[in-house]
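What follows is one structure encoded as structure tokens, with my remarks underneath.
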Amino acid sequence: MSEMIKDISQIDYYERVTIDNPRDTESCIRLKKTTNARICLGRAGDRCKTETLLKFRADHAVAMDAVWSEVDESIVDQLGFFKVQTLAEDKEQYIKRPDLGRIFSQGTLDGIKGNCIESPDVQIIATDGLSACAINANLADIYPILMDGLTAKGYAIGTPIFVKYGRVATMDQISEAIQAKVTILLVGERPGLATDESMSSYMAYESSTLKPESQRTVISNIHRKGVPPVEAGAQLVNLVEVLIREKKSGVELKI
Amino acid sequence: MILKTRLFGKGYEFKDIKEVLAKANEEKSGDILAGIAAGDTAERVAAKVVLSEMTLEDLRNNPVVPYEDDEVTRAIQDGVDPNAFGMIKSMTVGDFREFLLKSSEDEIKKIHDGLTSEMIAGVTKLMSNMDLVYTAKKIHNLATCNTTIGERGTLSSRLQPNHPTDGLAGIMASTMEGISYGIGDAVIGLNPVVDTISSISAVLHSFKDFMVKWDIPTQNCVLAHVTSQMAALQKGVPMDLMFQSLAGSQKSNEAFGITVKLMDEAYEVMREKKSSRGPNFMYFETGQGSELSSEGHHGADQLTMEARCYGLAKRYHPFLVNTVVGFIGPEYLYDGRQMIRAGLEDHFMGKLTGLPMGVDVCYTNHMKADQNDVENLALLLAACDCTYFMGIPGGDDVMLMYQTTSYHDIASLRDITGKKPIKEFNQRMEELGILEDGKLTRKAGDPSIFTA
């Protein structure tokens, strides 16, 4: 009863060659190590092998589920985030209507103004974006580093805000509502087959709906196997200092 | 021209041709996002009825973006052959659908230079999926670079060896694996991460060296911005095909950093400096939704804007044109059903425009689609003699983060439909012991063939 079929997601594919009788196995392993593309797979007739098929399906399943998953609100509750929702009513509408995921109702904006610290030096926002899993995986690691670093440097930190069904541009409306100097938005990236946990951080100085997208400074690929969240948190603290000193962000800022 | 009808006793009235075209479109999330889609299914049908009674001349005279305002409209309208147009101008769109269904390839080719993109988009909206397959299968548009693509009985493929950091060893590993499956007769073409002249040159040289060493008759390409490729050409790199993404309006092309004038210049530079032999040396990619995405759709639907991309592409006698059908995301094509419809539409429109049309049958992870949808659309397109498909290791593009057809899929499609790669390429694959009578041999699928 305790026997279990192996977890195919845990197999190391880095040097795995599944070609039947290759001319030169050592060469295949050498080629395989040069790329994370799915090579040296072998075949069954013209089709792929069962292992190849199931691995692909498993990786796609994780990516699909990430898009349709929800943020674990106990995480944002424990960290003391103020929770709001964009005009998107549910996940399906959110996916179909990116415009609705960028804006809030007047009532929601009034709620933000009434409940959150005004004119902070730094406003932190977290939003699901296209992968709630990225927030679930990284927020609890990155947030304390950010808070400690920013507090140590003496910045006034705003009430952290969690946006349900949010896209990047929500940071502009929030920044305008509470008059933040620097706004940091943490958002789940569109998942690939390689990982569903990748998060991006967008920052802007006096983030505004009137400014172009190029106002934003970005750190992407934040996850365990990319830029680790703890390291990204430290980078963000340093960037806040630069943005406040230079009074600008995005393409205007030459780092 | 009448813009009113009744359906089951209910009246429908449309304000202009642009509204009729938009509302006659099969359901696409992008048209809903743009706020121009039919309000319900009955209104969609009413719009199709009104469209079916319009003449092709009405569509010619009412481009969705005015001639004075848009250089893509001008490029398309100025390219119309007046004699060919004269033969069809009085047909209604409904008549034109039946003309295409009844006519032979030769008869269709006699009139295709008389068409504008709005006419092509219009008739597409009246076609069912099988109509699109049935008609597209008649049309074979040939083009010649180093080899000739589009011959009846061939199914070609782009070898797409993308790598997350443009690592040359990794790119060549995926290339070797691909060739060992008989992939790459259309082109060996990389989407680069870095758009620099040195990187473009290094990749083009690697491809060319491999092609020379193993005597592989095909074309090389790096899908960088056209201005970067022009700069690389000035340094004397071997470039068989020049690439650019196209959009269906001037404004959206500006978002891509191109104009008709720039493309005309690029074409001339390439004609002079290219390393390939034939008269067709341009490669374009398109895809429904890019105009809305860059706010250059002018209130027109995404299918009509896509048709205009092909109208512009025709100006440059391309060797390859493919739509990247499900790349842009679910806000434009929501699910497998919309993706399959769009793939059939785009392929048909490209063929009717006169292009050697291929399709990147693909989806992103936030679409409601999976590899089964890709395989369904690929089979349908293979049934209508789609010129070429993408070949990617395991169907997973590790740089662009989307999924498309795999090396295995290309081999399977050829087997299922009894097709082969381009003649010279096929012959070389047979000499290398990879293909035999168009099918993979026991030796195939092993990249270490090329490490000897």
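Source: prediction; values computed, not measured. Proteins get letters first, then strands, A, B, ... in listed order; numbering begins at 1 in each.
- Note: Glu92(A) leads Glu92(A), Arg30(A), Arg97(A) in heavy-atom pairs under 4.5 Å with chain B.
- No side-chain heavy atom of Thr35(A) sits under 4.5 Å from any side-chain heavy atom of Pro161(B).
- The contact between Ala369(B) and chain A is made entirely by backbone atoms, counting heavy-atom distances below 4.5 Å.
- Cation-pi geometry between Arg190(A) and Phe327(B) is met: under 6.0 angstrom from the ring centre, within 45 degrees of the axis.
- Only the side chain of Asn372(B) comes within less than 4.5 Å of a heavy atom in chain A; its backbone stays farther off.
- Asp46(A) and Ala411(B) make their closest contact through OD2-O, 3.2 Å (heavy atoms, listed as atom of the first residue, atom of the second, distance).
- Closest approach of Cys28(A) to Asp446(B), counting heavy atoms only: SG-OD1, 3.6 Å.
- Of the two parts of Tyr332(B), neither the backbone nor the side chain holds a non-hydrogen atom closer than 4.5 Å to a non-hydrogen atom of chain A.
- Taking chain A as the reference chain and counting heavy-atom pairs below 4.5 Å, the highest number among Asp396(B), Leu440(B), Ile449(B) is found for Asp396(B).
- What you find for Lys96(A) and Glu331(B) is that their closest heavy atoms are O-CB, 3.7 Å.
- Interatomic distance, Arg47(A) CZ to Asp409(B) CG, rounded to the nearest 0.5 Å: 4.5 Å.
- Chosen from Gly329(B), Pro330(B), Ala452(B), the residue pairing most often with chain A at heavy-atom distances under 4.5 Å is Ala452(B).
- Atoms OG and CZ, on Ser180(B) and Arg43(A) in that order, are 8.5 Å from each other to the nearest 0.5 Å.
- Heavy atoms of His163(B) lying under 4.5 Å from chain A belong exclusively to its side chain.
- Between the CD atom of Gln371(B) and the CG atom of Leu53(A) there is a distance of 9.0 Å, given to the nearest 0.5 Å.
- Highest contact tally toward chain A, considering only Met172(B), Met176(B), Met401(B), Gln403(B), is held by Gln403(B) [criterion: heavy-atom pairs under 4.5 Å].
- Looking only at heavy-atom pairs under 4.5 Å with chain A, the residue among Lys368(B), Met367(B), Met399(B) that has the most is Lys368(B).
- Nearest heavy atom pair, residue Ala173(B) against residue Ile39(A), reads CB-CD1, 3.8 Å.
- Looking at Thr165(B), there are no atoms closer than 4.5 Å to chain A (heavy atoms on both sides), in backbone or side chain.
- Listed for the Arg23(A) side chain is a donor-acceptor partner under 3.5 Å among the backbone atoms of Ser448(B).
- Looking at every heavy atom in both residues, Pro447(B) comes nearest to Ile19(A) through CD-CD1, 3.6 Å.
- With His408(B) contributing its side chain and Lys49(A) its backbone, the two residues share no donor-acceptor pair below 3.5 Å.
- Within a 6.0 Å sphere centred on CD of Glu89(A), heavy atoms belonging to other residues, nucleotides or ligands number 12 at most.
- Comparing Leu41(A), Asn36(A), Asp59(A) by heavy-atom pairs within less than 4.5 Å of chain B, the highest count is held by Asn36(A).
- The residues Glu177(B) and Lys32(A) are annotated as not salt-bridged, no charged nitrogen and carboxylate oxygen being separated by less than 4.0 angstrom.
- Ranked by heavy-atom pairs under 4.5 Å with chain A, the list Leu400(B), Ile392(B), Thr451(B) is led by Thr451(B).
- Residues Asp370(B) and Arg57(A) come closest through the heavy atom pair OD2-NH2, 4.2 Å.
- Heavy atoms closer than 4.5 Å to chain A are found in the backbone of Arg442(B), but not in its side chain.
- For His60(A) and Tyr363(B), the ring centers sit closer than 6.0 Å to each other.
- Applying the 6.0 Å contact sphere to CD of Glu213(A) captures no more than 12 heavy atoms from other residues, nucleotides or ligands.
- The backbone N or O of Ala63(A) sits nowhere less than 3.5 Å from a side-chain atom of Asn365(B) that would complete a donor-acceptor pair.
- When the shell of 6.0 Å around CD of Glu295(B) is examined, it contains 12 or fewer heavy atoms from other residues, nucleotides or ligands.
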